[in-house]
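Working notes for the structure below.
Chain naming here is simple, since letters A, B, ... match the order of the sequence lines and numbering starts at 1 in each. Just so it is clear, the model here is predicted, and its values are computed rather than measured.
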Protein chains: 2
Amino acid sequence: MVNQEDPRVLRTRQLIKAAFRDLLRRKGFDAITIKDIAQKATINRATFYAHFEDKYALLDEVTEQAFHEMIPEQVANAREFTDEICDQLILQTHRYILDFYQTCRMDSKSMATLVDEKIKKMLLHTIESIFLKGATHLGVNRHSIKVMAAMTGSAIYGAAQCWLNVEEIDRTDGLVDIVRPYVMNGLGLYRDGDK
Amino acid sequence: MVNQEDPRVLRTRQLIKAAFRDLLRRKGFDAITIKDIAQKATINRATFYAHFEDKYALLDEVTEQAFHEMIPEQVANAREFTDEICDQLILQTHRYILDFYQTCRMDSKSMATLVDEKIKKMLLHTIESIFLKGATHLGVNRHSIKVMAAMTGSAIYGAAQCWLNVEEIDRTDGLVDIVRPYVMNGLGLYRDGDK
DNA sequence: GACAATGTGTTGCCTAAGCAACTTTTAACT
DNA sequence: AGTTAAAAGTTGCTTAGGCAACACATTGTC
């Protein structure tokens, strides 16, 4: 039951997600109760459970959606893992993490972990899907492609996260200059003469 | 059917009114269809009719609510028709008319008439209810009080509307200086030495 | 004036949402 | 440890909202 096409369902889910995002901006994740969410969304508490298992599932979906909406067309449609695409992914990841940590109170350990995992997974998936479009020649079998994607995603994510502790957080060109050569060399795709 | 207490009903009515106010800001009243409203409110067209007879009834309610929310506490609780209260009513009426004509496209004759009538009626009612609280001594019987209220409301409204065509629309002190003495004298309540 | 196209209301059937009244966790206090 | 309170989930029944399909009015255009 609960037909995902029903306009009432779409509206209710929008209301819940909007309420949640709003609450995250002024309360810690752990401090937010289902009752809070239901109240702000002007829905019944029981209705919440018809749509989400719990607030973790909600967080998962909100995170996914936010990241997804952030992906530029260029990256989503990319058929080849070029320098430009690589740069975009690095910047997007960095921007996303920054946004999240700035607008939400990441007081909750559980939340930070969940969000991190989610983003990493999406990043990885995005990269893998570009690799699989096949224009870029890497290892032959899907297995090695998966591993390459995993490494690339993890590297980008790790670097972006690490950059949070750097003095010049906003000097993203510094980040890009470090990560791109590393990744592209690792993949054996580096072109520019340097290094 | 349709219990006005049901949270779904409250929410739906809010959505409809918000959608309508929004549409009024960019479309003429006549150009707005029920379909437009339903779409923007993310409800079904049939649901609209469960709450409002037509868009005229909706306009009526939106107008009433907007005017009502504009009434200062001081005026709502007034037990006597003083100079200050009189001034407040004049300014409020002027402000309301100005707002309405500025934010909405008053292209429709029917709409302008309806809104005008509505505001006048509410203004009149507000004044009457102050008179009836009785601290102000006017004629004895309710009948004459009603007439006094009607005259006062009409005078204030007429003046405020007329002021729209004056060069210095925003010089509201000019408006007040003309209307207050007129009304207070008419009611036999004027105190200040002047005139 | 015939025609299509679009908006207005209405109706019956189905589904999502609200509610009350539970049980079960979880957490805080003493 | 024992008590209490608040939050988390669950369930059966009721009601508002969505939809399709209708009849009817309005408009424009050929």
Side-chain angles (χ1 to χ4, degrees), chain A residues 1-24 26-62 104-105 107-111 113-114, chain B residues 1-24 26-62 104-105 107-111 113-114:
Chain A
M1 50 184 157
V2 185
N3 167 18
Q4 302 287 347
E5 308 278 294
D6 191 315
R8 285 172 291 181
V9 171
L10 293 173
R11 190 183 59 208
T12 298
R13 294 180 73 92
Q14 290 300 333
L15 286 170
I16 292 175
K17 287 185 276 185
F20 183 62
R21 278 191 294 264
D22 206 57
L23 284 168
L24 267 184
R26 67 194 81 209
K27 263 188 167 187
F29 177 72
D30 292 336
I32 297 174
T33 69
I34 308 296
K35 194 178 163 196
D36 289 337
I37 300 170
Q39 271 182 353
K40 190 167 272 286
T42 65
I43 57 146
N44 192 276
R45 200 163 53 82
T47 303
F48 174 90
Y49 290 107
H51 295 277
F52 297 96
E53 181 154 2
D54 49 32
K55 63 178 176 174
Y56 299 94
L58 174 57
L59 174 64
D60 189 86
E61 186 163 323
V62 166
C104 306
R105 305 166 166 238
D107 54 352
S108 156
K109 183 75 173 55
S110 64
M111 177 182 174
T113 310
L114 286 170
Chain B
M1 48 183 161
V2 184
N3 168 18
Q4 302 288 344
E5 309 277 293
D6 190 315
R8 284 172 292 182
V9 171
L10 293 172
R11 190 184 59 208
T12 298
R13 295 179 73 92
Q14 291 298 334
L15 287 170
I16 291 175
K17 287 185 276 186
F20 183 61
R21 278 191 295 265
D22 206 57
L23 284 168
L24 267 183
R26 67 194 81 210
K27 263 189 167 189
F29 177 72
D30 292 336
I32 296 174
T33 70
I34 307 296
K35 194 179 164 195
D36 289 338
I37 300 170
Q39 269 183 353
K40 190 169 272 287
T42 64
I43 56 145
N44 192 276
R45 199 165 55 83
T47 303
F48 175 90
Y49 290 106
H51 295 276
F52 297 95
E53 183 156 359
D54 49 31
K55 63 176 177 175
Y56 298 94
L58 174 57
L59 174 64
D60 189 87
E61 186 163 322
V62 166
C104 306
R105 306 167 164 235
D107 54 352
S108 154
K109 183 77 175 53
S110 65
M111 177 184 175
T113 310
L114 286 170

- prompt: Just wondering, do A/Ile37 and A/Ile16 contact through their side chains at under 4.5 Å, heavy atoms?
  reply: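 Yes. Closest side-chain heavy atoms under 4.5 Å.
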message: On DNA chain D, compare the nucleotides closest to A/Ile34 and B/Arg11; which residue's is nearer the 5' end?
response: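 Result of the comparison: A/Ile34.
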List every contact pair, protein side and nucleotides 19-25 of chain D side both N or O, where the distance is under 3.5 Å.
from: D/dC19; atom 1: OP2; to: B/Asn44; atom 2: ND2; distance (Å): 3.3

query: Hey, can you pull the residues of residues 48-61 of chain A with a non-hydrogen atom under 4.0 angstrom from DNA chain D?
result: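 Contacting residues: A/Tyr49, A/Asp54.
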message: Heavy atoms only, 4.0 Å cut-off, all strands: where does A/Arg13 land among base, sugar-phosphate and nothing?
response: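 It contacts nothing in the nucleic acid.
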Name every donor-acceptor pair, under 3.5 Å, that has one atom in a side chain of residues 40-51 of chain A and the other anywhere in the protein, sequence neighbours excluded.
from: A/Lys40; atom 1: NZ; to: A/Asp22; atom 2: OD2; distance (Å): 3.3
from: A/Asn44; atom 1: OD1; to: A/Ala46; atom 2: N; distance (Å): 2.8

- request: Considering only heavy atoms of chain A and a distance under 4.0 Å, specify the first and last nucleotide of DNA chain C in 5' to 3' order that meet this criterion.
  value: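 Boundary nucleotides touching chain A, in 5' to 3' order, are C/dT15 to C/dC19.
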field: Distance below 4.0 Å between B/Thr47 side-chain N/O and D/dG18 OP1 or OP2
entry: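 For B/Thr47, the contact criterion (side-chain N or O under 4.0 Å from OP1 or OP2 of D/dG18) is met.
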task: Any side chain to side chain donor-acceptor pair (under 3.5 Å) involving residues 7-18 of chain A? Give me the pairs, sequence neighbours left out, ordered by first then second residue.
output: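 For residues 7-18 of chain A: A/Asp6-A/Arg8, A/Arg13-A/Glu61, A/Lys17-A/Glu61, A/Lys17-A/Gln65.
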- request: Rounded to the nearest 0.5 Å, what's the gap from CD on A/Gln39 to CG on A/Leu23? Could you check?
  value: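 Here the rounded value is 9.5 Å.
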- prompt: What pattern of brackets, bars and dots sums up DNA chain D from 5' to 3', given Watson-Crick or G-U wobble pairs under 3.5 Å, [ ] for crossing pairs and | for another strand?
  reply: ||||||||||||||||||||||||||||||
Residues 53-60 of chain A, side-chain donor-acceptor partners within the protein, below 3.5 Å, at least two apart:
from: A/Asp54; atom 1: OD1; to: A/Tyr56; atom 2: N; distance (Å): 3.1
from: A/Asp54; atom 1: OD1; to: A/Ala57; atom 2: N; distance (Å): 3.0
from: A/Lys55; atom 1: NZ; to: A/Phe29; atom 2: O; distance (Å): 2.9
from: A/Lys55; atom 1: NZ; to: A/Asp30; atom 2: O; distance (Å): 3.4
from: A/Lys55; atom 1: NZ; to: A/Ile32; atom 2: O; distance (Å): 2.8
from: A/Asp60; atom 1: OD2; to: A/Lys118; atom 2: NZ; distance (Å): 3.1

- prompt: Looking only at N and O atoms, is any donor in the side chain of A/Arg8 or the base of D/dG18 less than 3.5 Å from an acceptor on the other one?
  reply: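 Side chain to base: no pair below 3.5 Å.
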